[in-house]
Amino acid sequence: SKELGRNMYQLFDQSMSKRNYQSFILERDLRKAIMNDEFVAYFQPRVNALTGKVTSAEALIRWNHPQVGLVSPGDFIPLAEESGLIIPMGKWMKRRVCEQLVAWREAGIPLVPISVNISSQRFLQKDFAKDIRALLEEYQLEGKYLEIEITENSIMKNEETVTKTLEELKELGVKIYIDDFGTGYSSFNYLKTFQLDGVKIDRAFIQNISSESENASITTAMIKMAHHLKLEVVAEGVETKQELDYLVEQNCLQIQGYYFGRPCPIEEFEEKYLLTV
Ligand code: C2E
Ligand code: CA
Ligand code: CA
Ligand code: CA
């Protein structure tokens with residue numbers, strides 16, 4: 001019993017030294033969140049700058065914590081990734097999005113594609129595309145209504161698996177975007193290697209963009225390169241008219257950011273962007 005006590009103490013001590021008490025609590029709550037259905041999906045519109053039309057939306061997770069209230073992904077995604085909870089969380093989100101698309105279809109509301117963030121952990125598993133296929137079949141949805149955002153890190157890890165997965169997704173008509181484009185690997189070689197549909201230029205490059213800024217030259221170069229490779233370009237984090245004007249000048253017409261709309265609850269998204277004449 002003395003032995004047992006010491007072992008237990010060591011176990012406790014080890015786990016506590018690795019993470020602090022707060023993240024211990026957070027992880028405990030996060031586990032419960034999945035069972036208790038505490039996640040909420042917010043949608044943010046992506047707009048065509050020329051027509052002003054909403055062409056798609058990005059699904060962004062929120063956690064409605066029973067004590068703390070709404071928690072942003074920045075505060076729990078890292079822990080979710082570290083603990084593996086990102087997998088059931090992602091599963092929840094994909095289903096939530098499919099459910100919503102079906103609900104809109106049944107209500108006669110014209111669908112827009114919804115883009116989902118996929119953790120590299122999940123994307124790199126061999127059965128990822130198969131799972132997407134099964135999901136689309138279950139909900140009787142065309143692949144074009146589901147889009148996937150992955151980061152550069154996801155794609156650089158296992159070329160064989162990634163190539164296969166991308167091929168299968170292409171077959172399904174599910175579009176793939178590179179998220180946070182420009183912030184990861186400095187080599188863009190992977191753009192030639194893999195069949196991708198588009199890139200989303202990270203907000204860091206868009207901020208305060210104007211013709212004189214350094215960000216402007218980088219962004220312009222990225223837009224040119226993407227177009228040259230026949231990739232779509234989406235600009236993220238567009239907040240001002242000045243940023244918008246610059247991007248339109250550079251022929252980057254797919255815009256996401258507070259300028260056109262913040263992420264919002266799905267009912268609000270529907271009212272604001274899908275039911276308007
Ligand atoms: P992200 O994929 O790069 O998503 C864009 C983030 O930029 C979102 O933050 C969005 O609210 C924010 N944003 C959009 N427009 C603007 C703007 O004009 N100005 C500013 N300042 N911010 C803007 P959010 O919702 O806090 O999400 C943060 C990150 O958490 C996401 O970055 C993504 O990496 C991750 N994330 C969110 N939802 C999910 C999810 O369901 N699954 C996974 N794996 N990751 C998620
Ligand atoms: Ca994203
Ligand atoms: Ca992004
Ligand atoms: Ca980001």
Side-chain angles (χ1 to χ4, degrees), residues 30 33-34 38-47 49 54 56-64 70-100 113-125 128 131-132 146-155 175-184 196-209 215 219 222 232-244 246-247 252 254-266 268-269 273:
L30 204 53
I34 294 170
E38 290 167 5
F39 292 121
V40 184
Y42 272 35
F43 284 0
Q44 183 181 31
R46 192 196 294 169
V47 175
V54 172
S56 59
E58 177 174 4
L60 294 157
I61 202 161
R62 300 290 179 265
W63 176 15
N64 197 1
L70 224 53
V71 188
S72 289
D75 294 327
F76 64 91
I77 294 272
L79 184 67
E81 288 190 331
E82 194 191 309
S83 61
L85 288 169
I86 195 79
I87 304 286
M89 194 182 288
K91 194 170 170 182
W92 175 85
M93 182 54 107
K94 279 175 281 176
R95 289 200 164 271
R96 180 68 192 85
V97 165
C98 289
E99 269 167 23
Q100 193 56 53
I114 306 294
S115 188
V116 175
N117 293 286
I118 304 295
S119 72
S120 67
Q121 267 183 60
R122 183 64 187 108
F123 185 75
L124 290 167
Q125 288 172 338
F128 177 71
D131 189 34
I132 296 288
L146 193 65
E147 297 179 347
I148 278 168
E149 301 187 10
I150 53 176
T151 55
E152 288 165 320
N153 324 339
S154 294
I155 222 164
K175 281 190 184 176
I176 316 287
Y177 292 84
I178 297 295
D179 204 357
D180 304 340
F181 185 60
T183 63
L196 302 161
D197 294 280
V199 297
K200 298 185 74 174
I201 298 178
D202 193 71
R203 177 160 63 90
F205 298 108
I206 306 297
Q207 246 167 357
N208 301 319
I209 204 166
N215 271 348
T219 301
M222 289 196 287
E232 292 178 35
V233 194
V234 182
E236 284 192 321
V238 178
E239 295 183 353
T240 66
K241 178 82 165 64
Q242 187 187 24
E243 292 161 359
L244 175 71
Y246 184 82
L247 290 162
C252 172
Q254 294 201 54
I255 307 291
Q256 186 179 336
Y258 294 173
Y259 182 78
F260 283 117
R262 288 179 181 251
C264 63
I266 295 177
E268 192 180 324
F269 177 85
Y273 306 109

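Computation of the quantities below employed the complete heavy-atom set of this structure, encompassing side-chain atoms and omitting hydrogens, waters and symmetry-equivalent molecules. Each ligand, and each atom within it, is numbered from 1 in the order the structure gives.
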Revision key, fill the gap. Within 4.0 Å of some non-hydrogen atom of I77, the atoms of ligand 1 are 43 (C), 45 (N), 46 (C)

**Study point:** For Q44, the ligand 1 atoms whose distance to one of its heavy atoms is below 4.0 Å
**Key:** 14 (C), 15 (N)

Practice item. Report the C-alpha separation of Q125 and I87 in whole Å, then their side-chain angles, then the decisive distance to 0.1 Å, and conclude whether the side chain to side chain contact (heavy atoms under 4.5 Å, CB included) test is met. Key: CA-CA 11 Å; Q125 288 172 338; I87 304 286; 4.2 Å; yes

Revision key, fill the gap. So CG of D197 and CD1 of I176: to nearest 0.5 Å the spacing works out to 6.5 Å

Exercise for review: Could you tell me whether I61 approaches ligand 1 through its side chain, its backbone, both or neither, with non-hydrogen atoms closer than 4.0 Å?
Suggested key: both

Review point. When you look for heavy atoms under 4.0 Å from ligand 1, do you find them on the side chain of R203, its backbone, both, or neither?
Key: side chain

Check your understanding: G257 heavy atoms, cut-off 4.0 Å: which ligand 1 atoms fall inside?
Key -> 15 (N), 18 (O)

Check your understanding: Within less than 4.0 angstrom of ligand 1, does G237 place any heavy atom?
Key -> yes

Exercise for review: Check the angle between the aromatic planes of W63 and F39 and answer parallel, tilted or perpendicular using the 30° and 60° thresholds.
Suggested key: tilted

Point to revise | Within-4.5 Å side-chain heavy-atom neighbours: L196 and I155 | key: yes

Practice item. Measure the spacing between CG of D202 and CD of E236 and express it to the nearest 0.5 Å. Key: 6.0 Å

Check your understanding: Counting only protein N/O/S, how many atoms fall short of 3.0 Å from the Ca ion (ligand 2)?
Key -> 4

**Study point:** Residue among R262, Q256, E58 satisfying side chain to side chain donor-acceptor pair (under 3.5 Å) with Q44
**Key:** Q256

Check your understanding: Hey, is ligand 1 close enough to E239 that some N/O pair sits below 3.5 Å?
Key -> yes

Review point. What part of R262, side chain from CB on, backbone N/CA/C/O, both or neither, has a heavy atom under 4.0 Å from ligand 1?
Key: neither

**Study point:** Side chain, backbone, both or neither: the part of E58 lying under 4.0 Å from ligand 1 by heavy atom
**Key:** side chain

Study note, to complete from the structure: Numbered in order shown, the ligand 1 atoms found under 4.0 Å of a heavy atom of M93 are 41 (O)

Practice item. Classify the contact between V116 and ligand 1 as side chain, backbone, both or neither, using a heavy-atom distance cut-off of under 4.0 Å. Key: neither

Review point. Between P45, G90, P73, which one has a non-hydrogen atom sitting closest to atom 24 (P) of ligand 1?
Key: P73

Review point. Contact between Q256 and ligand 1, counting heavy atoms under 4.0 Å?
Key: no

Review point. Do Q121 and E81 meet the criterion of a side-chain donor-acceptor pair at a distance under 3.5 Å?
Key: no

**Study point:** Pairwise distance OH(Y42) to CG(L60) - rounded to 0.5 angstrom
**Key:** 11.0 Å

**Study point:** Inter-residue atom distance I114.CD1 - S56.OG, 0.5 Å rounding
**Key:** 7.5 Å

Revision key, fill the gap. One should read off an interatomic distance between R203 CZ and E239 CD, to the nearest 0.5 angstrom, of 6.5 Å

Check your understanding: Under 4.0 Å from any heavy atom of P263, which atoms of ligand 1 are there?
Key -> 11 (O)

Point to revise | Proximal atoms of ligand 1 relative to D180 (non-hydrogen, under 4.0 Å) | key: 3 (O)

Review point. Can you find an N or O of N117 that's nearer than 3.5 Å to an N or O of ligand 1?
Key: yes

Check your understanding: Do P263 and R62 come close enough that some side-chain heavy atom pair is under 4.5 Å?
Key -> yes

**Study point:** D202 and ligand 1 - part of the residue with a heavy-atom distance under 4.0 Å
**Key:** neither

Point to revise | D180 to E152 - nearest heavy-atom pair and separation | key: O-OE1, 4.2 Å

Check your understanding: Just heavy atoms, cut-off under 4.0 Å: does M89 contact ligand 1 by side chain, backbone, both, or neither?
Key -> neither

Point to revise | Lys/Arg N to Asp/Glu carboxylate O, E147 vs K200, below 4.0 Å | key: no

Exercise for review: Could you please spell out the steps behind the side chain to side chain contact (heavy atoms under 4.5 Å, CB included) verdict for T151 and T183?
Suggested key: CA-CA 9 Å; T151 55; T183 63; over 6 Å; no

Check your understanding: Does an N or O from S72, backbone or side chain, lie closer than 3.5 Å to an N or O of ligand 1?
Key -> no

Review point. Considering only heavy atoms from C-beta outward, does the side chain of I61 approach that of R96 to under 4.5 Å?
Key: no

